[in-house]
Amino acid sequence: MSALVLDGKTVSSAVKEEVAKEVKALSDKGTNSCLAVVIVGDDPASRVYVNNKKKACEVCGIKSLEYALSSSTTNEELLSLVKELNENPEVNGILVQLPLPKHLDEKLVIESIDPKKDVDAFHASNVGKIMIGEYDFLPCTPAGVMEIMKYYNIETEGKDCVVIGRSNIVGKPMAMLLLHANGTVTVTHSKTKNLKEICRKADILVAAIGKANFVTADMVKEGAVVLDVGINRLDNGKLCGDVDYINVSEVASAITPVPGGVGPMTIAMLMKNTLKATKLQNNC
Ligand code: NAP
């Protein structure tokens, strides 16, 4: 069996098209949408992500403002910029690209963003809202995974869902969204015993580990849906996911590729959140 390829590029284009339509309709009524992106230092991967986010803004008709700060920026300077952006009525969404250089306090910076402009949904108050299922913004990567499944009519209700990884930005919120979608969810991590056996029970398997080709075909149930969040760079410079794509494709019924799977979805969902922030702030 060769699995159906869940094409994140197609789904993300569809999401961005919808966002662009709504952004245009708002702008025709005099309300513009604007995302401020803050990048600190010169991490090449962060630079690529920021450029892709700016390109997506262009496609959607969302104005993007970039604040590129030097790697010697202090906590005070960064917090002062966030405060300025919080207070600027023209800015609807604020995104501080992570990871920040080590000397900066990531938690403090995230908590300083106005929750109404927190389009990454990392602020504790937005995380809490997700927990109780009454949220304004969904975290972009897990929301992107859910959107791909929705597009391809993949049913989650009553399904055994296994998430590998428990980070605050992917694993934990992913588990929560699957739970809200009536999945029966198991969250696994580096201390999990019998990981292979647990994964083999999954109808829906989400890998968010950060280890190239970690999920092998013998960890996957015949016919499972496999969603690969991982982005790993191999020694030869190529990108690959956390899943051994070629071999797992022979066992799974559907699978996301890397690149071209969950990655583009993350950015599309950021656009959706920026539009939502604009609507919330303008009561429309
Ligand atoms: P992270 O914070 O490093 O978390 C990794 C998780 O994997 C941890 O919970 C860790 O367990 C678990 N883990 C590590 N080794 C394991 C093992 N041997 N068995 C089982 N679990 C293990 O990473 P993250 O931020 O969640 O990101 C995960 C991956 O997704 C990375 O490749 C990242 O680049 C990618 N990513 C992609 C997107 C996208 O847009 N596609 C967005 C965000 C992240 P412990 O908690 O026990 O340490």
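Keep in mind that the numbers below use all heavy atoms, side chains included, and drop hydrogens, waters and symmetry copies. Note that ligands are numbered from 1 as they come in the structure, with each ligand's atoms numbered from 1 the same way.
- Checked against side-chain contact (heavy atoms from CB on, under 4.5 Å), L195 has the following partners two or more places apart in sequence or in another chain: I164, T188, T192, C199, F214, M219.
- Here the rule is side chain to side chain contact (heavy atoms under 4.5 Å, CB included) with I154, and of M146, M149, K159 only M149 fits it.
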Could you check K53 against Q97 for side-chain hydrogen bond (donor to acceptor under 3.5 Å, both in side chains), going step by step and ending with a plain yes or no?
CA-CA 10 Å; K53 287 166 188 176; Q97 184 65 44; 2.8 Å; yes
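- E58 and K54 are not joined by a salt bridge, as no carboxylate oxygen comes within less than 4.0 angstrom of a charged side-chain nitrogen.
- Within 4.0 Å of ligand 1, counting heavy atoms only, the contacting residues are T141, I164, G165, R166, S167, I169, V170, H189, S190, L195, A208, I209, G210, K211, F214, V229, G230, I231, N232, V262, G263, T266.
- Considering CG of L234 and SG of C240, their distance stands at 4.0 Å, rounded to 0.5 Å.
- Atom CD of E66 sits about 11.0 Å away from atom SG of C57, to the nearest 0.5 Å.
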